[in-house]
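Structure, as structure tokens:
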Amino acid sequence: MDCIGDELEVCDTLLLVLSPESLNSRHVKMEYRHFFRQEKPIIPILYRQVQKMPFELASVYYLEFTQGDRERALSSLLEVVSRRRGSKAE
């Protein structure tokens, strides 16, 4: 777990894949809560529908990968990541 913690410190953006399994993982919760505490950006990706979104994530916009056009969803993800990289370079 120390190795993951070290990597979280140097990572500037978290891509958070949302699924019932990921949201039930205590390690995933620790990771996204760490990013909230550090006020680092999180890009949530809804991979599989979840029954109830955790309170911390309920108001966060997420990219939809559960239905529809996955090519479009992937394009949106790449656009968001590209914008993040561009704003960091300024």
Side-chain angles (χ1 to χ4, degrees):
M1 194 64 193
D2 288 338
C3 181
I4 293 173
D6 292 344
E7 293 302 318
L8 290 175
E9 287 301 317
V10 297
C11 184
D12 66 347
T13 303
L14 176 67
L15 295 179
L16 177 61
V17 178
L18 303 171
S19 70
E21 295 81 10
S22 70
L23 294 180
N24 284 323
S25 165
R26 70 182 181 99
H27 295 292
V28 171
K29 287 178 187 173
M30 289 169 40
E31 291 167 6
Y32 74 71
R33 288 176 178 166
H34 172 77
F35 268 69
F36 277 126
R37 281 192 306 276
Q38 299 295 319
E39 297 183 3
K40 292 182 176 183
I42 298 172
I43 301 173
I45 299 166
L46 186 60
Y47 178 68
R48 292 193 32 232
Q49 286 292 357
V50 296
Q51 293 287 49
K52 185 177 179 187
M53 196 65 72
F55 174 77
E56 302 98 331
L57 300 172
S59 64
V60 177
Y61 171 77
Y62 55 84
L63 297 171
E64 174 74 57
F65 272 74
T66 62
Q67 53 188 305
D69 185 358
R70 289 209 174 191
E71 288 293 321
R72 185 174 179 172
L74 180 58
S75 177
S76 295
L77 173 59
L78 293 174
E79 183 180 321
V80 169
V81 170
S82 178
R83 276 197 313 249
R84 284 278 318 131
R85 290 185 73 199
S87 68
K88 192 164 172 22
E90 294 173 354

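For the numbers below, each heavy atom of this structure counts, side chains included, while hydrogens, waters and symmetry mates do not. Numbers here simply count residues along the sequence, with the first being 1.
- At a threshold of 4.5 Å between side-chain heavy atoms, the hydrophobic network of Ile, Leu, Val, Met, Phe, Trp and Tyr places Leu14 and Leu23 in one connected group.
- Neither Leu15 nor Leu46 shares a network with the other; the hydrophobic side chains, linked directly or stepwise wherever heavy atoms of I, L, V, M, F, W or Y lie under 4.5 Å apart, form separate groups for each.
- Counting heavy atoms from C-beta outward, Glu9 and Asp6 have side chains that stay 4.5 Å or more apart.
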Expected list for residues 49-63: side-chain donor-acceptor pairs under 3.5 angstrom, two or more places apart:
{"from": "Glu56", "atom 1": "OE2", "to": "Arg33", "atom 2": "NE", "distance (Å)": "2.7"}
{"from": "Glu56", "atom 1": "OE2", "to": "Arg33", "atom 2": "NH2", "distance (Å)": "2.9"}

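- The heavy-atom pair separating Phe35 from Thr13 by the smallest distance is CE2-C, 3.7 Å.
- Taking every heavy atom of both residues into account, Leu8 and Glu31 meet most closely at CD1-CG, 3.7 Å.
- In terms of the side-chain contact (heavy atoms from CB on, under 4.5 Å) criterion, residue partners of Ser25 (sequence neighbours excluded) are, by chain and number, His27, Val28.
- Atoms SG and NE2, on Cys11 and His34 in that order, are 9.0 Å from each other to the nearest 0.5 Å.
- In terms of the side-chain hydrogen bond (donor to acceptor under 3.5 Å, both in side chains) criterion, Glu71 has no residue partners (sequence neighbours excluded).
- Checked against side-chain hydrogen bond (donor to acceptor under 3.5 Å, both in side chains), Ser76 has no partners two or more places apart in sequence or in another chain.
- Considering only heavy atoms from C-beta on, Leu78 comes within 4.5 Å of Leu74 through its side chain.
- A search for side-chain contact (heavy atoms from CB on, under 4.5 Å) contacts involving Tyr47 returns Val17, Arg70, not counting sequence neighbours.
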Worked check of side-chain contact (heavy atoms from CB on, under 4.5 Å) between Val81 and Ile43: CA-CA 8 Å; Val81 170; Ile43 301 173; 4.2 Å; yes

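- Evaluation of the salt bridge (charged side-chain N to carboxylate O under 4.0 Å, His left out) test over residues 18-30, restricted to residues two or more places apart or in two chains, returns Glu21-Arg48.
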